[in-house]
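Below is one structure, written out as structure tokens, with a few remarks after it.
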Amino acid sequence: MKYVTLKQTSLKLSQIGLGCMRIANMTVDDVEKLISGALAQGINFFDHADIYGGGQSEKVFGEALEKHPEWRSQMIIQTKCGIIPGKRYDFSKKHILQQVNQSLENLHTDYVDILLLHRPDMIYDPEELSDAIHTLYNEGKIKYFGVSNHNSYQIALLEKYLKDIPVLINQLQFSIIHSGMIDVGMNVNMVEQWAIDKDSSILDYCRLNDILIQPWSPFQASWADGTFINNPKYEKLNAVLEQLADKYHTNKNAIALAWILKHPANMQPILGTTSLVHLNESLEALDFEITKQEWYDLYLAEGKPLP
Ligand SMILES: NC(=O)c1ccc[n+]([C@@H]2O[C@H](COP(=O)([O-])OP(=O)(O)OC[C@H]3O[C@@H](n4cnc5c(N)ncnc54)[C@H](OP(=O)(O)O)[C@@H]3O)[C@@H](O)[C@H]2O)c1
């Protein structure tokens, strides 16, 4: 396993994190096996959110952790809050404190290593939010702080009010087929759709400020289509993935992950697999590096242009 150091901290995060969004319906025994297999591979990073499985993902993880208290010190646990599904986003102090307390109870732990705000609440009060995050810090319930799905100016605004608490992480959707962060940089000042800046150049902003980008859904196309791996809708891309998988004696997942890892931002992809077989296959991405041309070949195979 390779590790990335979170800026201004001594935290060493496994280069690949395990996302726990899909574990809600697994048995505690199966979750135990998944965690144990991940730890054995050097994965120390586990991503949660209060809303995954309506809280059930945290609960089943917490039950596994309760059976193995020795795991806690080896783990970096991240959770998120701020979404009330289908209703609103909520960065109020009341909601944030309530959700973090619930997450701690679900996870059977006294603290989470990192708390992320899940998605921007467009009508939040930044002073109230800062108060909430400082309260959680002072109570020792969270060690570090970050965001998810935030653009550059939203992060700058947050930091203005948080003052001494830095935003260390931004978790964003990113994969070969969801590459808006790359498209916009590649198409500066062009008229085509690829040039539309949907995130105020968040990739460059995060790099300039040493904010770790955590790509979510590295393989998933959509809820309706499942993954793009072996998906006939992505025939051309799969052909290139297969060709490179043959060259590197590996599999398509590992190539798709190697495409993300090739980027010099040194991102930490969060995988959502519930299968140790798929996890181990994906981790092969850490054993080789694709060439610059192969990185572009994969990008172009998805139908993107070079302007
Ligand atoms: N911040 C946010 O807004 C946000 C949003 C979504 C997700 N997330 C986080 O990101 C994590 C990852 O997201 P994700 O689960 O969408 O990621 P993903 O790793 O792209 O997709 C996981 C899905 O792909 C399947 N899969 C992977 N390899 C496969 C293969 N070779 N063949 C068939 N199926 C394969 C998995 O099935 P198997 O279980 O069978 O392997 C699983 O259903 C989540 O767990 C969550 O922690 C964050």
Side-chain angles (χ1 to χ4, degrees), residues 13-14 16-26 30-31 33-35 37-38 43 45-53 55-58 60-61 75-85 89 103 107 112 114-121 146-151 154 167 169-179 181 199 202 212-234 237-238 241-242 245 250-261 267-285:
L13 286 48
S14 51
I16 307 290
L18 185 64
C20 299
M21 182 178 73
R22 299 175 190 270
I23 67 170
N25 296 325
M26 292 170 69
D30 285 344
V31 170
K33 284 182 198 138
L34 183 65
I35 297 174
I43 292 180
F45 194 92
F46 298 87
D47 181 61
H48 283 273
D50 55 350
I51 57 170
Y52 292 162
Q56 187 55 29
S57 293
E58 285 183 338
V60 73
F61 189 97
M75 285 178 167
I76 296 168
I77 299 182
Q78 171 173 279
T79 195
K80 318 182 196 75
C81 65
I83 297 181
I84 303 181
Y89 303 131
S103 289
L107 290 162
V112 287
I114 306 165
L115 177 71
L116 304 186
L117 298 176
H118 208 155
R119 208 166 253 292
D121 171 4
V147 296
S148 177
N149 307 307
H150 276 58
N151 73 25
Q154 289 169 332
V167 171
I169 287 173
N170 192 8
Q171 190 173 106
L172 295 156
Q173 187 172 10
F174 184 62
S175 68
I176 306 177
I177 66 156
H178 192 96
S179 59
M181 292 195 287
D199 55 32
I202 191 64
L212 178 67
I213 294 178
Q214 291 179 337
W216 58 263
S217 288
F219 310 126
Q220 183 80 352
S222 67
W223 283 108
D225 290 339
T227 78
F228 59 82
I229 308 279
N230 297 327
N231 185 330
K233 267 196 182 174
Y234 301 89
L237 173 61
N238 272 284
L241 286 169
E242 186 151 0
T250 185
N251 57 85
K252 292 182 185 179
N253 286 59
I255 300 294
L257 211 49
W259 185 85
I260 294 175
L261 296 172
M267 301 180 196
Q268 184 200 28
I270 306 295
L271 273 51
T273 185
T274 54
S275 144
L276 269 181
V277 173
H278 289 161
L279 180 65
N280 290 335
E281 283 175 1
S282 298
L283 292 182
E284 290 179 21

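Note that ligands are numbered from 1 as they come in the structure, with each ligand's atoms numbered from 1 the same way.
Ligand 1 lies under 4.0 Å from heavy atoms of Gly19, Cys20, Met21, Arg22, Asp47, Tyr52, Lys80, His118, Ser148, Asn149, Gln171, Trp216, Ser217, Pro218, Phe219, Gln220, Thr227, Asn253, Ile270, Leu271, Gly272, Thr273, Thr274, Ser275, His278.
Between Gln78 and Val112, the closest side-chain pair of non-hydrogen atoms is not below 4.5 Å.
Not a single ring-ring contact (aromatic ring centres under 6.0 Å, His included) links His150 to another residue, sequence neighbours left out.
For the residue pair Ser217/Gln173, the side-chain donor-acceptor check at 3.5 Å is not satisfied.
Here the straight-line distance linking atom CG of Leu117 with atom CD1 of Ile83 works out to 10.0 Å at 0.5 Å rounding.
Among the candidates Asp225, Asn230, Ile229, the single residue satisfying the side-chain contact (heavy atoms from CB on, under 4.5 Å) test with Thr227 is Ile229. Remark: of the listed residues Leu279, Ile23, Ile270, Ile35, Leu279 is the sole one forming a side-chain contact (heavy atoms from CB on, under 4.5 Å) with Leu18.
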